[in-house]
Structure formats: C-alpha cells, structure tokens
Amino acid sequence: MKTDGYICVWNECLKIIKDNISSDNFKTWFTPIKPIALQGSILTLQLPTLYYYEILEGNYLSLLKTAIRKILGQEGRLEYKILFAKDVGITLPPSNVVPVENPEKQPGIDAAPPGIATEIANPFVLPGLQKVKIESQLNPNLNFENFIEGECNRLARSAGLAIARDPGKTAFNPLFIYSPVGLGKTHLSHAIGLETKSIAKDVTVVYVTAEQFIQQYVEAAKSSNISDFINFYQLLDVLIIDDIQFLSGKGKTQEALFHIFNYLHQRNKQLIFASDKSPSEITGFDQRLLSRFKWGLSADLQVPDKQTRIKIIHNKLYINGISGISEEVIEYLANHVVNSVREIESAIIAILAQISFNKKTNITVDLAKQMIDKFVQSTTREMSIEFIQRVVCDYFRLPREMMCTSSRKRELVQARQIAMYFSRKFTNSSMSEIGAQSGKKDHATVLHSIRTVENCKKIDKNFKNSLDEIERLLKNS
Ligand code: ADP
Ligand code: MG
C-alpha cells in the first residue's frame with residue numbers, strides 16, 4: 001500500500017458511510033475524523049475528543065464495521081488516536097476504557113472515591129484490537145543509562161528504579177522529586193517512565209508537563225469536556241507530571257488532579273511529580289492535594305559532588321562524540337562549573353562549538369576558562385587548592401612549584417600557610433587533602449598553619465590587608 005493508502009481507504013469507507021446516514025450527522029461526526037495510518041489491515045483514525053469515540057461506538061459501530069470490512073476485507077481493523085489537546089494523543093480501542101462519567105457524578109473533592117468503573121467493550125469488538133496505546137511523550141535519550149548516579153541523586157534514583165520494576169506497588173506512591181533547576185528532575189522522570197515501559201511493555205505511561213496539563217484542562221473546560229479530560233488520565237498506569245509547581249493557584253486544575261490522583265492511587269497506579277520545591281515548601285496548593293503529595297516518598301536531587309561531576313562530564317563528552325579532552329581540562333570544568341548539571345552541559349556545548357566551528361582541536365585549560373566565562377551563566381566557582389596556590393604565589397611573586405617544596409624560607413612558609421588557610425576556607429577538602437597537595441604536610445601541620453594565619457590576622461594590620469587582597473583576587477580571578 002502506498003503511503004497515502006490510508007487516505008484512499010478512509011475515503012472509500014466514507015463513501016459507504018455517507019450513503020447510509022444523514023448529511024448532518026455525516027458532517028458532524030465523520031468530517032472531523034482524520035485517517036493517519038494504515039498498517040497491514042489496521043487503519044488508524046484520529047478523533048478530536050474522547051466524545052467522538054463514544055458517539056462512534058454508540059451509534060455507528062456496525063456501519064463502520066461494515067465499511068471497513070468491505071474495503072479492507074474480513075481482517076479489517078480500526079484504531080483510534082484521540083487528541084485532547086495539541087500534545088497528548090491516545091490510541092484507543094480498549095477493553096478497559098473507563099466510561100465518561102457525568103460530571104455531576106464526579107465525587108466532591110472530599111467525597112468518597114469513585115466506584116470501580118464498569119468496563120466497556122471494544123468499539124469494534126474485533127479480537128486483536130484490544131490494546132490501549134497512549135502516546136507516552138517520553139524522550140528516549142533521557143534514560144537511566146545516561147543518568148549518572150551519585151550521592152546527590154541516590155535516593156530518588158533507587159526509588160525510581162524500584163517503581164519501574166513494580167509501578168504503583170511500592171511505598172513510593174506518589175514519588176515526589178524536587179530540586180532547584182538543572183539538577184535532573186525531568187531527566188529522572190523520563191528515565192523512570194522509559195524503564196517502566198521497557199520492563200513491562202503493556203504498562204501505560206504518560207509524561208506531561210504541568211503546563212500541558214493546565215492547557216489541556218483549559219481546552220477541555222472550554223468545550224465542556226472536563227470529564228473526558230479526567231477520564232483520560234484515569235486510564236493510565238503511570239502518570240508523571242513535571243514542574244507541578246506551575247499548578248500553584250490553579251484551583252480548578254488542582255481539583256481535576258485531585259480526582260485523578262484519588263482514582264489512580266486507589267487502584268495502585270503510580271503517580272510521579274517533579275517540582276522545584278518540596279511538598280512542605282510549595283505554596284498555592286489545596287491542602288488535600290498537598291497532603292497527598294506527602295503520602296509516598298519525597299526525594300530531592302542535590303548538586304553533584306566533584307566525583308559525580310567528573311563522571312557526568314565524561315558521559316556528556318561521550319554522548320556528544322567529543323574525544324581527546326585532557327583530564328586537566330575535565331578537572332578544571334569539574335572544579336569551576338559547580339551549580340548544576342545544566343551548566344555542565346552548557347560548558348560541553350561550548351567546547352563542542354569550539355571544536356566544530358572554530359576547528360580547535362586542542363582544548364586547553366585557558367580555552368576552557370574562556371568558554372566558561374563566556375557561555376556558562378551564573379557560574380560561581382568552587383575553588384581548587386591548585387587555583388588558590390597559584391593566586392597566592394602570584395600575589396607574593398613566587399613560582400608555584402615552590403609551594404609544594406619543603407623549603408623553610410620565611411616568605412615561602414607564610415605563602416604556604418596562607419594557601420592552606422584559604423584552601424580550608426574555600427574548598428570542601430579535608431585537612432589531609434590540603435596537606436597532601438601542599439608538599440606532603442600532615443593534618444597537624446595544616447591545622448597549625450591555619451591557626452597561625454588566624455592569629456596573625458588578628459594582630460597584624462598589614463598582614464590582614466594582604467589577606468583581604470588575596471581573598472578579593474581569589475573571588476574575582
Ligand atoms: P531539571 O528538570 O531538574 O531542571 P533536567 O532534568 O532538565 O533538570 O536536567 C538538566 C540537564 O542535565 C539535562 O540535559 C539532563 O540530561 C542533565 N542531567 C541532569 N542530571 C543528570 C545526571 N545525573 N546524569 C547525566 N545527566 C544529567
Ligand atoms: Mg525540568
């Protein structure tokens with residue numbers, strides 16, 4: 001069959017249908033239907049709303065069946081894709097579609113849970129067609145394989161993996177993931193959805209952003225289809241809503257979510273929310289919804305530590321096909337791009353641009369520094385011991401190599417002590433680590449050096465001025 005075969009098939013069906021119903025009904029119920037695919041003897045139609053599906057099923061089932069079989073033979077089947085709003089489509093034909101309830105019958109926000117929905121038969125009662133296919137909206141690149149594990153995300157990540165193995169059945173329902181921007185909430189949400197689907201193909205997962213959810217709700221409300229909207233989400237096994245904080249102050253949408261939540265949770269279906277604030281800090285939410293956010297597990301994602309940053313940098317370089325970047329540059333990036341994974345990505349993209357457009361094959365630390373300054377915004381730098389030693393040596397006009405010798409020259413001893421003092425102040429390194437990088441000094445020596453600097457600072461004004469100046473240089477270099 002040619003690619004446009006489905007259009008021909010549907011046009012032929014329409015001819016038969018047109019001959020058998022009034023032109024008004026034809027116009028109302030059939031002209032808005034769009035054929036979108038033909039696979040073997042399965043024709044897929046896109047319907048504007050779930051309501052169309054009900055009307056077709058209730059009134060035109062046998063006519064459709066006759067038409068399809070006439071054109072495609074006894075094997076002919078139909079599948080539906082339903083567009084609620086621009087972004088979510090579902091392919092129905094289900095044995096388990098929840099009937100649209102009268103909105104009046106929707107439980108009040110505090111009311112008892114809705115009863116078990118009666119099942120309705122597949123509209124075409126044709127065996128082999130009994131699958132609900134729902135567009136998951138999952139991005140295959142945001143998988144667990146690419147989601148680097150670290151102390152910063154261990155809890156949320158393991159909970160996500162447990163959920164994927166057994167959605168709705170763990171204690172983590174809902175899973176509420178929160179963190180500031182750029183730390184992996186969206187990535188992890190997709191990864192859980194993808195993993196769930198790869199373990200059990202027939203599990204129905206939908207990832208939706210709160211903005212899409214609100215937009216769909218608004219559209220549904222405009223066309224008095226709120227029950228369709230709610231029923232669509234009640235079909236799911238796993239519902240993931242990203243950036244749920246955007247529902248703040250949206251009372252009506254929250255109420256719809258409340259019904260969806262209750263319905264799904266009672267049936268052991270999984271809910272996952274991502275938010276920029278914890279359930280305790282988030283505002284503008286109905287108390288009853290808020291308390292439900294806390295029913296399961298709230299897990300935060302933190303800023304990755306240096307080791308994890310290095311792993312992430314390696315992973316991103318690999319994914320982007322960048323090789324040959326020296327460990328020194330990687331270390332530099334890990335030390336200086338510290339706020340979020342999003343920033344690490346910006347740095348990698350800047351490197352990629354240098355390689356691709358400016359044909360720079362040798363990425364040096366200096367170049368990396370320039371790129372970070374230029375392309376990575378709001379970067380507050382975590383200082384490295386090495387950086388501090390360099391700034392201190394520059395200040396005293398000493399060669400940096402001298403920093404790690406055991407020379408007892410007075411000015412060198414003092415520079416070394418000051419570098420140790422700032423290393424303690426501005427890095428997360430332990431005394432032993434600082435000692436190891438300062439000419440193999442032990443913990444006690446580092447401690448003694450820091451105390452000496454602190455004491456001198458109190459009694460010697462010139463010394464204090466020097467310290468202040470070095471601190472200024474450290475912060476602005
Ligand atoms: P958030 O939703 O919290 O703002 P994202 O999930 O959009 O953050 O993450 C920002 C970027 O960083 C994404 O491109 C994502 O792939 C990447 N990222 C975040 N965490 C990790 C991780 N642990 N390993 C690899 N990449 C990550
Ligand atoms: Mg996000």
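As the structure is a computational prediction, the values presented were derived from the model and not from experiment. Atoms within each ligand, like the ligands themselves, are counted from 1 in listed order. Any value given below was found using the heavy atoms of this structure, including those in side chains, with hydrogens, waters and symmetry copies removed. In what follows, residues are counted from 1 in the order of the sequence shown.
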Practice problem: Take K294 and S291 through the side-chain contact (heavy atoms from CB on, under 4.5 Å) test and state the conclusion after the steps. | Solution: CA-CA 5 Å; K294 299 177 194 164; S291 72; 5.8 Å; no
Quiz item: Considering all heavy atoms of both residues, which atom of Y217 and which atom of F229 are nearest to each other, and what is their separation?
Solution: N-CE1, 3.5 Å
Exercise. Answer side chain, backbone, both or neither: which part of N146 comes under 4.0 Å from ligand 1, heavy atoms only.
Key: backbone
Among protein heavy atoms, which lies nearest [atom], and at what distance?
atom                    : result
atom 27 (C) of ligand 1 : V341 CG1, 3.4 Å
atom 7 (O) of ligand 1  : R342 NH2, 3.1 Å
atom 15 (C) of ligand 1 : H187 ND1, 3.3 Å
atom 4 (O) of ligand 1  : G182 N, 2.7 Å

Practice problem: Could you check D286 against Q254 for side-chain hydrogen bond (donor to acceptor under 3.5 Å, both in side chains), going step by step and ending with a plain yes or no? | Solution: CA-CA 7 Å; D286 182 281; Q254 285 181 26; over 6 Å; no
Self-check item: Residue-ligand contact K316/ligand 1, heavy atom below 4.0 Å
Solution: yes
Donor-acceptor pair, distance only, cut-off 3.5 Å: does the side chain of [X] make one with the backbone of [Y]?
X    : Y    : result
D442 : T445 : yes
R400 : R390 : no
K277 : T283 : no
N335 : Y332 : no

Quick check: [X] and ligand 1, any N/O pair under 3.5 Å apart?
X    : result
G184 : yes
I312 : no
L183 : yes
V181 : no
E345 : yes

Practice problem: Mark up the atoms of ligand 1 that fall under 4.0 Å of a heavy atom belonging to N153, in ascending order. | Solution: 23 (N)
Quiz item: Out of N143, I344, I148, whose heavy atom is nearest to atom 24 (N) of ligand 1?
Solution: I148
Quiz item: With a 4.5 Å limit on heavy-atom distance, are the side chains of L45 and I36 in contact?
Solution: no
Quiz item: Does the side chain of R424 come within less than 4.5 Å of V446's, by heavy atoms?
Solution: no
Exercise. Check whether more than 12 heavy atoms from other residues, nucleotides or ligands sit under 6.0 Å from atom CZ of R451, and answer yes or no.
Key: no
Quiz item: Residues two or more places apart in sequence or in another chain: which of them pass ring pair (Phe, Tyr, Trp, His ring centres under 6.0 Å) with H187?
Solution: F147
Exercise. Consider only side-chain N and O atoms of S340 and E343, and report whether a donor and an acceptor are under 3.5 Å apart.
Key: no
Quiz prompt | Protein N/O/S atoms closer than 2.8 Å to the Mg ion (ligand 2) | solution = T186 OG1
